[in-house]
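Just so you know, these numbers come straight off a predicted model, no measurement behind them. As a basis for the values below, the full set of heavy atoms in this structure was taken, side chains included, without hydrogen atoms, waters or symmetry mates.
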Amino acid sequence: LGDVYKRQSFYPSSSGFIFGKFFDINKYGAFVTVNGTKIGSITGLQKQGTTFFLMVASGDSINIDADNVQLYFVPFAGN
C-alpha cells in the first residue's frame with residue numbers, strides 16, 4: 001500500500017495483516033479505525049510515532065487519521 005496520507009480509507013481484498021507506522025497530528029493525535037473501533041495515540045505531539053500491526057479480513061474497513069503514514073499489507077498464504 002505504500003504511503004497513505006491522513007484521513008484515508010482502504011478495504012483489504014483478502015485476509016492478512018497490516019503493519020506500519022505513523023505520527024500524531026499536532027494537538028489531535030493519530031488513529032487507526034478498524035470496523036468502527038478506534039485505536040491510536042492521543043498525545044498530540046507531532047514527533048510522537050506509533051508502530052502498529054493488525055490482522056484484517058476481506059471487507060474490513062480501515063481508516064487512517066494521522067501524519068506521515070507508512071502502511072503495508074501482507075496477505076496470508078493461500079489467499
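Taking every heavy atom of both residues into account, Ile62 and Pro12 meet most closely at CG1-CD, 4.1 Å. Pairing each heavy atom of Gly16 with each of Phe73, the nearest pair is CA-CE1, 4.1 Å. The shortest heavy-atom contact between Tyr28 and Lys38 is OH-NZ, 3.8 Å.
Applying side-chain contact (heavy atoms from CB on, under 4.5 Å) to Val32 and the options Leu71, Ile39, Thr50, Asn63 leaves one that passes, Ile39.
A distance of 9.0 Å separates CD in Gln48 from CZ in Phe23, rounded to the nearest 0.5 Å. We find the OG-CZ distance between Ser61 and Phe10 to be 9.0 Å, quoted to the nearest 0.5 Å. Distance check: Ser13 OG to Asp60 CG gives 11.5 Å after rounding to the nearest 0.5 Å. Between the OG1 atom of Thr37 and the CZ atom of Phe31 there is a distance of 13.5 Å, given to the nearest 0.5 Å. Atoms CZ and CG, on Phe22 and Asp67 in that order, are 11.0 Å from each other to the nearest 0.5 Å. Atom CD1 of Ile18 sits about 5.5 Å away from atom CD1 of Ile64, to the nearest 0.5 Å.
With Asp65 contributing its side chain and Ala30 its backbone, the two residues share no donor-acceptor pair below 3.5 Å.
Between Phe19 and Phe17, the ring-plane angle classifies as tilted under the 30° and 60° cut-offs.
Linking Ile, Leu, Val, Met, Phe, Trp and Tyr whenever their side-chain heavy atoms come within less than 4.5 Å puts Tyr72 and Phe53 in one cluster. Transitive grouping of hydrophobic side chains (ILVMFWY, heavy atoms separated by less than 4.5 Å) brings Val74 and Met55 into a common cluster.
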